[in-house]
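A short worksheet on the structure shown next.
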There are 2 protein chains.
Amino acid sequence: MAYRQTDKVAARLAETRAAILAAARGLVAEGGFAAVQMSEIAKQAGVATGTLYRYFSSKEALCRELFREVSAREMGMLATIASSHEPASERLVKVLRTFAGRAVKGRRLAYALLAEPVDVNLAEERAFFRRTHAEIFASILEDGIENGEIPNIDVRIAAACIAGAIPTALIGPLAPQSHELDSNPDRVVEEIVKFCLAGVGITLAAGQEQNRERRTVA
Amino acid sequence: MAYRQTDKVAARLAETRAAILAAARGLVAEGGFAAVQMSEIAKQAGVATGTLYRYFSSKEALCRELFREVSAREMGMLATIASSHEPASERLVKVLRTFAGRAVKGRRLAYALLAEPVDVNLAEERAFFRRTHAEIFASILEDGIENGEIPNIDVRIAAACIAGAIPTALIGPLAPQSHELDSNPDRVVEEIVKFCLAGVGITLAAGQEQNRERRTVA
DNA sequence: GCACACCCTGAACCATGGTTCACTTCTTCA
DNA sequence: TGAAGAAGTGAACCATGGTTCAGGGTGTGC
């Protein structure tokens, strides 16, 4: 036995790996996946191009992992809210607000995750990401229908509509101007959430609305 | 004056040009813009690669023109409906049904126009296309609000929601399985339209619903 | 400190696919 | 019919950017 990786080395490798992913994440946040080049990642991470291939078998693999890492956090947040024990309509409102709110705050990243033109392999990851969203929405809708909070609609279709409406209205060419989103993000988010809720037959109660107003002013 | 283009030649050139665009359209309809290669277009059109460059300055120019040609037809149909003199809610229903219905029928093409990953220059064309949709929706909504058919909402945001919901729910990873769309396209379309109408505060009247039922059975 | 395995390097390599261009073929018209 | 200009050809060219690999450096265990 002439060589065995020590903890110190393992830690250093993990660090390098993290640095590579961090560099890639930075590039994505700046210019989307389109701006990600292996040579540039390497430069930003402070390693040589070839080194990347000691950690990831290909650019595709690297991008996939990055995509998963970033999207998993988002999905986790939504899933947590969705699995709480509140009434379905409450959960739906929270999930929609969270989804939309986070998309506004991290628009660049949200664009990369949701809307940016990417190639097929990443499109697969994205499809999973979006499908998960839709499933989260659908599960809440089902609960709501079961206990009569929501009228009997096709949950899969409604969920897909929501999953399409929110990103489209917030990012990309149909989104409001950036300065509007920056100056008054809550108003836009609320308007979109209102549309989606109305789409599934829910009208915001007065209390929820007021709550919103207060937040907006604050 | 040794050479002047005759009508016959002009006609032939126009024909070749059309053949090139038709070949490209065929490729797009089959495999999206990603499947479009200059050499393949040339082969399908029965000309040499170099010839393409006598008609279009670049691949980008060719694809742009193709995109415009195809999308102009779609936008024209919607615009015609939108500018009729019926009540706003009627027009909205018709526009949504047309938009969704056509997308289902020509799913492959709709995918290419609306959802397929494409590169930046084409994304520009697509942005125009989608913005036009949203404007059509918005103008109808405005009319509806003005004469009290529709509650007072932010029309731009609602329009963007609609423009996002319909394609997402019909094509791409969140769409129903293809066989479901083929066996019962009207049901899916109606469900989506219902969501969008509810989103802007319209409930389908009984007569309109019945109308739908009849069409579905026929 | 020696041998061995592992890690890092970055310039060279290669695949892809759009674009060019020297050449051939076709049209026009005197 | 033949000279001039337009249209067509397709193999060669080239830019881009992911991937490889031979060689040098670093850790490990004896």
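All chains are named by letter (A, B, ...) in the order of the sequence lines, taking the proteins before the strands, and each is independently numbered beginning at 1. Nothing here was measured: the structure is a model prediction, and the numbers come from that model. Below, each value reflects all heavy atoms present in this structure, side chains not excepted, and no hydrogens, waters or symmetry copies.
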Which atom pairs link the protein and nucleotides 13-15 of chain C when you take only N or O atoms and keep those under 3.5 Å?
none

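- Proximity of L62(B) to Y55(B): side-chain heavy atoms (C-beta onward) are nowhere separated by under 4.5 Å.
- Ion pairing between a basic and an acidic side chain is recognised when a charged N comes within 4.0 Å of a carboxylate O; E191(A) and K194(A) show such pairing.
- Minimum interatomic distance between A29(B) and R108(B) (heavy atoms only, all atoms of both residues): O-CD, 2.8 Å.
- R126(B) contributes atom CZ, which lies 7.0 Å from atom CD of E116(B) (distance to the nearest 0.5 angstrom).
- With contacts defined as side-chain heavy-atom distances shorter than 4.5 Å, the pair F195(B)/I157(A) does not qualify.
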Interface polar pairs with nucleotides 16-23 of chain C, N/O, under 3.5 angstrom:
from    : atom 1 : to     : atom 2 : distance (Å)
dG18(C) : OP1    : K59(B) : NZ     : 2.6
dG18(C) : OP2    : M38(B) : N      : 3.1
dT19(C) : OP2    : Y53(B) : OH     : 2.7
dT19(C) : OP2    : K59(B) : N      : 2.8
dT19(C) : O5'    : Y53(B) : OH     : 3.4

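- One side chain, R107(B) or S178(B), offers a donor N or O that lies under 3.5 Å from an acceptor on the other.
- If you check residues 12-24 of chain A against DNA chain D, you find no residue with a heavy atom closer than 4.0 Å.
- Using a 4.5 Å heavy-atom cutoff, the side chains of V36(B) and K59(B) are in contact.
- The closest side-chain heavy-atom distance from D119(A) to E60(A) is not below 4.5 Å.
- Atom P of nucleotide dT25(C) and atom CZ of R54(B) are separated by 16 Å, given to the nearest angstrom.
- Contact annotation: the side chain of D154(A) approaches that of R187(B) to within less than 4.5 Å [non-hydrogen atoms, C-beta and beyond].
- Ion pairing between E180(B) and R156(A) fails under the 4.0 Å rule for side-chain N and carboxylate O.
- Contacts of Y55(B) with the nucleic acid, taken as non-hydrogen atoms under 4.0 Å apart, involve only primed sugar atoms and P, OP1 or OP2.
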